[in-house]
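Remarks on the structure that follows.
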Amino acid sequence: MTSSIAPLLSSRAQGLFLGLASGNALGLPWENTWPKQEIAKLSGGTIREIAATERDLPWDDDLAQAVILSQALLEKGELELEDLGQRFLAWMKENGRGIGNLTQRVLEDIAQGTPVAEASAYAQESLGRNWSAGNGAVMRCAPLAIALWNNREELVKQTVLSAQVTHWNPLCVWSAVAFNLALAGVFAGKPLDCIALADELQALGAPSAVSDAINGAKAPLERFQLDGKNKGFTLKAMQVGLWALRVHGTPEDILEALILEGGDTDTNAAIAGAALGARFGLESLPERWIATLARPDEIRSLADALLARAKA
């Protein structure tokens, strides 16, 4: 790695993780506001500040689970379902702020002694294909792309495990893989090619619905109907991430427009924030956002450690 490339990768790595944290915090106040017209009314059409209270609160689930994944990868060398399930369970017992229904259901089974894979697979089987296709896997997976951007095979493997711990549904697994492969392309300096990405996912064995959704990510934001039925659908979450890798504007402008579309605002903004931070670098994120986050130095250090793993 040349000295000229290293600072850019560091900026992308820290931008990704702090962009995820910033987007998550920015979207939190609006996650239960429906319909989207109500968000516009209450906000006056301006959403650009993170609540000062976030500095003193526990991390929300989007960020907390991304941190847990990162720590597990760094400490163990690779993700293991049982280890990861126990880490998530410990987080739920300690805090669990913002935990999703599916994740909570799986973790409660794990707490009763059910093996992780069995608990996750049973949740999908009992809920069915659509009801078990939440966005929890996509919301937390992005930091893996920092550590594994230069090893696509390993990135796919670890992202699959990061999803399966609570989201066994193939739509969840492969939408997370798609987003991380797109992020790996950003670190490699390659623009997003939705057609090529869709073809790659199809070759890997992803359901056709995932490839179709990747190609559909080229549509304008309004077409995703984030405020409509199944607002926490994994394919919508993936599309938001891919959209953020293509759309023009600053992170402030893009995240504001996204949150004003309603739906699962904190998770959508976390995913888009990760994409924007990776794409434009740490310098693109307002310093006042980072200053309002809880423990930003810890997030920055994790990003550096993940990038060091990639260099190694």
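Small disclaimer: the values here were computed from a predicted structure and weren't measured.
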Review point. Do the side chain of S126 and the main chain of A123 share a donor and acceptor less than 3.5 angstrom apart?
Key: yes
Check your understanding: Do S70 and R140 meet the criterion of a side-chain donor-acceptor pair at a distance under 3.5 Å?
Key -> no
Check your understanding: Taking atom NZ of K218 and atom CZ of R223, what is their separation to the nearest 0.5 Å?
Key -> 11.5 Å
Check your understanding: Taking everything shown except D212 itself, do over 12 heavy atoms lie less than 6.0 Å from its CG?
Key -> yes
Check: residues 185-207 side-chain donor-acceptor pairs under 3.5 Å, at least two apart:
| from | atom 1 | to | atom 2 | distance (Å) |
| --- | --- | --- | --- | --- |
| D193 | OD1 | I195 | N | 3.1 |
| D193 | OD1 | A196 | N | 3.1 |
| E200 | OE1 | R152 | NH2 | 2.7 |
| E200 | OE2 | R152 | NE | 3.2 |
| E200 | OE2 | R152 | NH2 | 3.2 |

Pairs under 3.5 angstrom only: tabulate donor-acceptor contacts from the side chains of residues 89-97 to other protein residues two or more places apart or in another chain.
| from | atom 1 | to | atom 2 | distance (Å) |
| --- | --- | --- | --- | --- |
| N95 | OD1 | R97 | N | 3.4 |
| R97 | NH1 | E54 | OE1 | 3.2 |
| R97 | NH1 | P58 | O | 2.7 |
| R97 | NH2 | E54 | OE2 | 2.9 |

Check your understanding: Hey, mind stepping through S175 and T234 against side chain to side chain donor-acceptor pair (under 3.5 Å) and telling me if it holds?
Key -> CA-CA 7 Å; S175 54; T234 188; 2.5 Å; yes
Revision key, fill the gap. The reported gap from CG in D83 to CD in Q86 (rounded to nearest 0.5 angstrom) is 8.5 Å
Practice item. Could you go through the side chain to side chain contact (heavy atoms under 4.5 Å, CB included) check for S132 and H167 one step at a time? Key: CA-CA 7 Å; S132 63; H167 289 61; over 6 Å; no
**Study point:** Residues D304, S10; criterion side chain to side chain contact (heavy atoms under 4.5 Å, CB included); working and verdict
**Key:** CA-CA 7 Å; D304 289 342; S10 178; 4.0 Å; yes
**Study point:** Beyond-backbone contact of L255 with W289, side-chain heavy atoms, under 4.5 angstrom
**Key:** yes
Check your understanding: For the atom pair CZ (F17) and CZ (R300), what is the distance rounded to the nearest 0.5 Å?
Key -> 12.5 Å
Practice item. Identify the two heavy atoms, one from A310 and one from W149, that lie closest to each other, and give their separation to 0.1 Å. Key: CB-NE1, 3.7 Å
Point to revise | CA sep, side-chain torsions, deciding dist, call: L148, L306, side chain to side chain contact (heavy atoms under 4.5 Å, CB included) | key: CA-CA 8 Å; L148 299 166; L306 290 167; over 6 Å; no
Check your understanding: Mind checking whether I254 and W243 have side chains closer than 4.5 Å, heavy atoms only?
Key -> yes
Practice item. Check whether any side-chain heavy atom of T166 sits under 4.5 Å from a side-chain heavy atom of L102, and report yes or no. Key: no
Practice item. Check the pair S120, R105 against side chain to side chain donor-acceptor pair (under 3.5 Å), reporting the backbone distance first and the verdict last. Key: CA-CA 9 Å; S120 184; R105 174 173 176 161; over 6 Å; no
Check your understanding: Would you say S301's side chain and D297's backbone share a donor-acceptor pair under 3.5 angstrom?
Key -> yes
Exercise for review: Quick one: pull up CD1 in I259 and CG in L28 and give me the separation to the nearest 0.5 Å.
Suggested key: 9.0 Å
Report all side-chain donor-acceptor pairs from residues 263-282 shorter than 3.5 Å, counting only partners two or more places apart or in another chain.
| from | atom 1 | to | atom 2 | distance (Å) |
| --- | --- | --- | --- | --- |
| D264 | OD2 | N135 | ND2 | 2.9 |
| T265 | OG1 | G27 | O | 2.8 |
| T265 | OG1 | W30 | O | 3.4 |
| T265 | OG1 | E31 | N | 2.9 |
| T267 | OG1 | D62 | OD2 | 2.6 |
| N268 | ND2 | D264 | O | 3.3 |
| R279 | NH1 | A244 | O | 2.9 |
| R279 | NH1 | V247 | O | 2.7 |
| R279 | NH2 | V247 | O | 3.1 |

Point to revise | Any side-chain heavy-atom pair of L155 and L144 under 4.5 Å | key: yes
Revision key, fill the gap. Across all chains, not counting sequence neighbours, the side-chain contact (heavy atoms from CB on, under 4.5 Å) partners of Q71 are V67, E75, R87, E298, L302
Practice item. Could you tell me whether the side chain of R309 and the main chain of G77 form a donor-acceptor pair under 3.5 Å? Key: yes
Review point. If two hydrophobic side chains count as joined below 4.5 Å and joins carry through other members, does V173 share a cluster with F179?
Key: yes
Check your understanding: Got a second to check how far I50's CD1 is from L293's CG, nearest 0.5 Å?
Key -> 5.0 Å
Practice item. Flag yes if Y122 and F88 sit in one hydrophobic cluster, no otherwise; membership is Ile, Leu, Val, Met, Phe, Trp, Tyr, and two members link when side-chain heavy atoms are under 4.5 Å apart. Key: no
Study note, to complete from the structure: In short, L20 meets A66 closest at the heavy-atom pair CD1-CB, 4.1 Å
Revision key, fill the gap. Tightest non-hydrogen contact, residues A294 and W59, listed as O-NE1, 2.9 Å
**Study point:** Closest heavy-atom pair and its distance - L73, E78
**Key:** CD1-CA, 3.8 Å
Practice item. To the nearest 0.5 angstrom, please state how far the CG atom of N230 sits from the CD atom of Q225. Key: 11.0 Å
Review point. Between L84 and A72, which heavy-atom pair has the shortest distance, and what is it?
Key: CD1-CB, 4.0 Å
Point to revise | Sub-4.5 Å side-chain heavy-atom contact between T103 and Q65 | key: yes
Practice item. Report yes or no: does T114 contribute a side-chain atom to a donor-acceptor pair with the main-chain N or O of I110 at less than 3.5 Å? Key: no
Practice item. Give a yes or no answer on whether the side chain of S43 reaches the backbone of I39 with a donor-acceptor pair at less than 3.5 Å. Key: yes
**Study point:** Residue pairs fulfilling side chain to side chain donor-acceptor pair (under 3.5 Å) with at least one residue in residues 153-162, sequence neighbours excluded
**Key:** E154-Q158, T159-N180
Review point. Is the backbone N or O of A213 less than 3.5 Å from a side-chain atom of Q239, with the two atoms forming a donor-acceptor pair by type?
Key: yes
Practice item. Can you sort out the partners of E222 under salt bridge (Lys or Arg N to Asp or Glu O under 4.0 Å), two or more places apart, ordered by chain and number? Key: none
**Study point:** Side-chain heavy-atom pair M238, I214 within 4.5 angstrom cut-off
**Key:** yes
Point to revise | Side-chain ion pair, D253 and R48, N-O less than 4.0 Å | key: yes
Review point. Going hydrophobic residue to hydrophobic residue with side-chain gaps under 4.5 angstrom, can you get from L69 over to I299?
Key: yes
Exercise for review: Locate the shortest heavy-atom distance separating G98 from D60; write the atom from each residue and the value.
Suggested key: CA-OD1, 3.5 Å
Review point. Do I47 and L260 pass the side chain to side chain contact (heavy atoms under 4.5 Å, CB included) test, and can you show the C-alpha distance, the side-chain angles, and the key distance before you say yes or no?
Key: CA-CA 8 Å; I47 300 174; L260 285 170; 3.8 Å; yes
**Study point:** Donor-acceptor pair, side chain of T292 and main chain of A52, under 3.5 angstrom
**Key:** no
Review point. Is the backbone of D227 close enough, under 3.5 Å, to the side chain of W34 for a donor and an acceptor to pair up by distance?
Key: yes
Check your understanding: Can you check salt bridge (charged side-chain N to carboxylate O under 4.0 Å, His left out) on E252 and R288, steps first, answer last?
Key -> CA-CA 12 Å; E252 286 183 283; R288 69 183 191 280; 2.4 Å; yes
**Study point:** 4.5 Å side-chain heavy-atom contact, L258 and L226
**Key:** yes
